[in-house]
Amino acid sequence: MSFLAGLNDAQRRAVDHHEGPLLVVAGAGSGKTRALTHRIAHLIGAHGVDPAHVLAVTFTNKAAREMKERLELLLAQRLAQSQFGQPWSTLPAVEQRQLRSRIYREVTKELWIGTFHALFARMLRFDIDKFKDSEGLTWTRQFSIYDEADAQSLVKEIVTQELQLDPKRFEPKKVRWAISNAKNQGWLPDQLEANAEGQRGKLTAETYRRYRRALAANNALDFDDLLLLPVQLLQQNEQVCSYWYRRFRHVLVDEYQDTNRTQYELIKLLVTGGKDPQNVEDWGGRSVFVVGDADQSIYSFRAADFTILMGFQDDFGDREPDDSTRTMVKLEENYRSTATILEAANALIANNSERIDKVLRPTRGEGELISLTRCDDEIAEAEAVVHRLRMLEAAHPDLSWGDMAVLYRTNAQSRAVEESLVRWGIPYVVVGGLRFYDRREIKDLLAYLRLLVNPADTVSLLRVINVPKRGIGKTTIQRLTDAANQLGIPLWDVVSDPEAVRSLGGRSAKGLLQFCELLNDLRQQVTEAAPSELIQQVMEKSGYVRELITEGTDEADERRRNLQELVNAALQFQEENEEADLEGFLATAALSSDADSKDTAADRVTLMTLHSSKGLEFPVVCLVGLEQGLFPSFRSLDDPASLEEERRLCYVGITRAKERLFLSHASERRLWGGMREAAVPSIFLSELPEALVQGDLPQSGGASLRRERRLERLTRVDRDVTSSPPANAVRRRHAGPAPGRSWSVGDKVTHSSFGVGEITHTFGSGEKVSIAVKFTGMGPKILDPRLAPIEPVDEAS
């Protein structure tokens, strides 16, 4: 079985490339993941490359997992052919499992595949003790990884407590952003100070200096450090740089257009061993293979710099023109979208000047025309979108809600669409809500676990020292913290000293002693117990779950479910990693991102921002809010570079659609909570070929719907609203039975949308009665019988 089989010509050239640099310009839906996985398999299978010499960088942890799974399957399929002489699909399940297990042990376990942060955090676990800091700060291999919330709270404490600055004038969030930006440019506090302007700049640099010291005192690193420290370490230590240069002989980078300068430096150091790329003459047994698309670079706000991709040919390549170069391959065949959608995307992006010229070529038929709808306002737009989805779902039995997505420029735009979906009882999910690992109870549990590995982590210690409540007051904690600061030792050293606790703890001493006993007891099990067992022990022995059970509220039940999901996450981690220890699980949890948990699999309409949609695809896509000042954004209107990025974002949105694409804009919109403003159609709409777009008549109804809401102060899932009824039409048309009709549990009713149901509960009395009705195939609906489109079922007839 050849790993080149089933690939198109361009993919085959990319996969078959063995030594030296190669840039793969991969358009949307062109099979880049296929090229990456087949290349790794080909290196190992055809060229005999040791898997331990391969490093592959992905944009998300989810992409890394998928790549490993695909690779395992590819290699197992080949092994099935050579070992059993028969196709993989014909083997019994037990033999398939054995083959995959063997591939895991011999190949995937040895490969380094993951995000920049995950891979270089792993590298630091080996070598951070060799890092020489200019201020003499040190970290051990047991370092904690602080997420954004941890980092912000540390910065806030420095700004408000240590520097005694007014947080309204000197916002901690902005200071944290400035520090992050400095780290992404490779600057330390002294460099930030040298480039700073005025007193504010000097104070930001001082905050940065203290922030670094605080991180070191906690034996912790933030996300930016996971890239900055390895760069500095490889630059300052020739021996360490040489080791990793010899180790990783084949480096692959996905989504290369989204790399920042620090990540670029890391790749360069690994690939060249510290030399200038243009001075590398011998590529024997080595390669650098980067995949990206300048047309999909949309993360400049994260310091991503697509000019790194644009400069690959000058840095590493042969600098030849596109049609004769041997160091660049273009993947232009698109396997995702219809020809109509691709032609529109190509026409749009051709208006950008900063790009590598390529044209997506369809492999599928023409498909439907793109639909453009002009609406009165954002409420009418939401109704029009939801109406369209309902019509499609009813007309196409093969389409489910999970096949549909609504994409928008800003999170705030989801509200109107959500309300319309609720009104029509359509299930949906908003991607980009609160990250699972940012939930309070999850952060509490992880803080306990981090303390077991790294007692110097004072941020985690302060988080859980009195959670659940064990009678340890703020005054006591302050006394203990002051003592630790004066002695220059970690807070844990004070808290874990019984004598210190008895003399400083007062009435809190008993609770403190029990807390230390709990942690010491759990710490003894860290090496023996699996992460999932440790989580369950912390939940039970700390009294955390007991407190939630005592609370007995819906919120407490939800929090318990989330904690059980954390146990599930640990179990999954254990299944995927043979040597699954607590340190590894904590690193995985800290480095998980929104992109790893995009829950688009369930049968629900997906609502998400255009930025969140990258890497996904849907049969049906509705792109809303195409108006000047909204999309493209107001800030980009006077900045050509920003406008090009907004156009790339629109290109990403269009190329998410496989079958049908619906575009919409409103004539007026309420923006930023202010007055309604007239809206002008987006410039991007005028850049689409007219022959590909069919326009609908203006959609109205938003104004009347708003009046209705104001009159009745109700927003109900059972409201049946057509395009533009008079203000009281709903009340007239669905008045239901005569006033005074009494409703009882057990009565049968029929609803115009939900069918026949039975009343299970009644709430209130007289005119203000509401009823809960159980309809077949769905959960109970709470209805206002005066407004809902229901009629009693006369069982006698």
**Item:** Candidate pair F306 and D295, rule side-chain contact (heavy atoms from CB on, under 4.5 Å), full reasoning
**Value:** CA-CA 9 Å; F306 74 98; D295 291 341; over 6 Å; no
**Request:** Decide yes or no on side-chain contact (heavy atoms from CB on, under 4.5 Å) for R13 and R326, but give the supporting numbers first.
**Result:** CA-CA 10 Å; R13 284 205 311 281; R326 297 177 62 192; over 6 Å; no
**Request:** Before giving the answer on side chain to side chain donor-acceptor pair (under 3.5 Å), spell out for Q525 and Q537 the whole-Å C-alpha distance, their side-chain angles and the decisive distance to 0.1 Å.
**Result:** CA-CA 10 Å; Q525 301 172 54; Q537 291 208 34; 2.7 Å; yes
**Message:** Would D16 and L4 count as a side-chain contact (heavy atoms from CB on, under 4.5 Å) here? Give the steps.
**Reply:** CA-CA 7 Å; D16 203 25; L4 301 177; 3.9 Å; yes
**Request:** Given side chain to side chain donor-acceptor pair (under 3.5 Å), test N184 with T262 step by step and report yes or no.
**Result:** CA-CA 6 Å; N184 281 321; T262 311; 4.5 Å; no
**Asked** Which is it for S532 and Q574 under the side chain to side chain donor-acceptor pair (under 3.5 Å) test, yes or no, and what are the steps along the way?
**Response** CA-CA 8 Å; S532 59; Q574 287 156 213; 3.0 Å; yes
**Message:** Run F116 and V253 through side-chain contact (heavy atoms from CB on, under 4.5 Å) and show every step you take.
**Reply:** CA-CA 9 Å; F116 274 105; V253 187; 4.3 Å; yes
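Residues R336 and R656 form a side-chain contact, since some pair of their non-hydrogen atoms from C-beta on lies under 4.5 Å apart. Proximity of D9 to R12: side-chain heavy atoms (C-beta onward) are separated by under 4.5 Å at one or more points. At least one side-chain heavy atom of I267 sits under 4.5 Å from a side-chain heavy atom of V251. Between R249 and V49, the closest side-chain pair of non-hydrogen atoms is not below 4.5 Å. No side-chain heavy atom of T140 sits under 4.5 Å from any side-chain heavy atom of D129. For the pair F248/V54, no side-chain contact is recorded, criterion being any heavy-atom separation below 4.5 Å from C-beta on. Counting heavy atoms from C-beta on, the side chains of R78 and F3 come closer than 4.5 Å. Residues R212 and D133 meet the side-chain proximity criterion, which asks for heavy atoms closer than 4.5 Å.
Judged by distance alone, the side chain of S297 and the main-chain N or O of A294 form no donor-acceptor pair under 3.5 Å. The closest donor-acceptor contact from the side chain of Q263 to the backbone of N260 lies under 3.5 Å. R302 places no side-chain N or O within 3.5 Å of a backbone atom of D258 that could act as its donor or acceptor partner. Remark: side-chain polar atoms of R361 are not paired, donor with acceptor, to backbone N or O of N334 under 3.5 angstrom. With T272 contributing its side chain and P277 its backbone, the two residues share no donor-acceptor pair below 3.5 Å. Here the side chain of T115 pairs a donor or acceptor atom with the backbone of A118 at under 3.5 angstrom. The closest donor-acceptor contact from the side chain of Q278 to the backbone of D315 lies under 3.5 Å. Distance alone, capped at 3.5 Å, is enough to place a donor-acceptor pair between the Q11 side chain and the N8 backbone. Side-chain atoms of T90 never come within 3.5 Å of backbone atoms of Q86 as a donor-acceptor pair (strictly under, hydrogens ignored). Side chain of D127 to main chain of V240: no donor-acceptor pair is present (N/O by atom type, distance under 3.5 Å, no hydrogens or angles).
For Y146, there are no ring-ring contact (aromatic ring centres under 6.0 Å, His included) partners at least two apart in sequence or on another chain.
A salt bridge between R102 and E106 is present, with a side-chain N of the basic residue lying under 4.0 Å from a carboxylate O of the acidic one. Using a 4.0 Å cut-off between charged nitrogen and carboxylate oxygen, D457 and R450 count as a salt-bridge pair. Ion pair K443/D150 flagged as a salt bridge, since at least one NZ, NE, NH1 or NH2 atom sits closer than 4.0 Å to an Asp/Glu carboxylate oxygen. Under a 4.0 Å N-O distance rule, the pair D322/K358 does not qualify as a salt bridge. With respect to R355 and D293, no salt bridge is recorded, no charged nitrogen being found less than 4.0 Å from a carboxylate O. A salt bridge does not link K658 to D403: none of the charged side-chain nitrogens sits closer than 4.0 Å to a carboxylate oxygen. Using a 4.0 Å cut-off between a side-chain N of Lys or Arg and a carboxylate O of Asp or Glu, E72 and R100 qualify as a salt bridge.
The salt bridge (Lys or Arg N to Asp or Glu O under 4.0 Å) contacts involving residues 20-36 comprise K32-D254, K32-E255, where partners must be two or more places apart or lie in separate chains. Screening residues 303-314 for salt bridge (Lys or Arg N to Asp or Glu O under 4.0 Å) gives R261-D305 as the qualifying pairs, with residues at least two apart or on separate chains.
Atom CG of N218 is separated from atom OG of S460 by 8.0 Å, given to the nearest 0.5 angstrom. Interatomic distance, F618 CZ to L616 CG, rounded to the nearest 0.5 Å: 5.0 Å. The distance from the CH2 atom of W88 to the CD atom of Q77 is 7.5 Å, given to the nearest 0.5 Å. Note that the OG1 atom of T108 and the CD1 atom of I113 stand 8.0 Å from one another [nearest 0.5 Å]. Distance check: F312 CZ to T259 OG1 gives 11.0 Å after rounding to the nearest 0.5 Å. Taken from CG in L534 to CZ in R523, the straight-line distance is 11.5 Å, to the nearest 0.5 Å.
A donor-acceptor contact closer than 3.5 angstrom links the side chains of R105 and S101. Side-chain N/O atoms of S242 and R246 include a donor and acceptor closer than 3.5 Å. Inspection of the S300 and R648 side chains reveals no N or O donor paired with an N or O acceptor under 3.5 Å. Side-chain contact, Q313 with T325: a donor N or O sits under 3.5 Å from an acceptor N or O.
No option in L571, V567, L582 other than V567 meets the side chain to side chain contact (heavy atoms under 4.5 Å, CB included) test with I535.
Shortest non-hydrogen contact noted between L221 and W139 is CD2-NE1, 3.4 Å. Shortest non-hydrogen contact noted between P51 and V107 is CB-O, 3.6 Å. The shortest non-hydrogen separation linking A14 to L22 is CA-CD2, 3.9 Å. Closest of all the heavy-atom pairs between K330 and D357 is NZ-O, 2.6 Å. Taking every heavy atom of both residues into account, A63 and T60 meet most closely at N-OG1, 3.0 Å. The two residues G114 and A64 have their closest heavy-atom pair at CA-CB, 3.7 Å.
Remark: K130 NZ is packed, more than 12 non-hydrogen atoms of other residues, nucleotides or ligands lying under 6.0 Å away. Summarising the local packing, CD of E19 is surrounded by more than 12 heavy atoms from other residues, nucleotides or ligands at distances under 6.0 Å.
Ring pair H47/H18 is parallel by interplanar angle, where below 30° counts as parallel and above 60° as perpendicular. The aromatic rings of F316 and Y264 stand perpendicular to each other, their planes meeting at an angle above 60°, with 30° marking the opposite boundary. Classification of the F223-H117 ring pair by plane angle, with boundaries at 30° and 60°, yields tilted.
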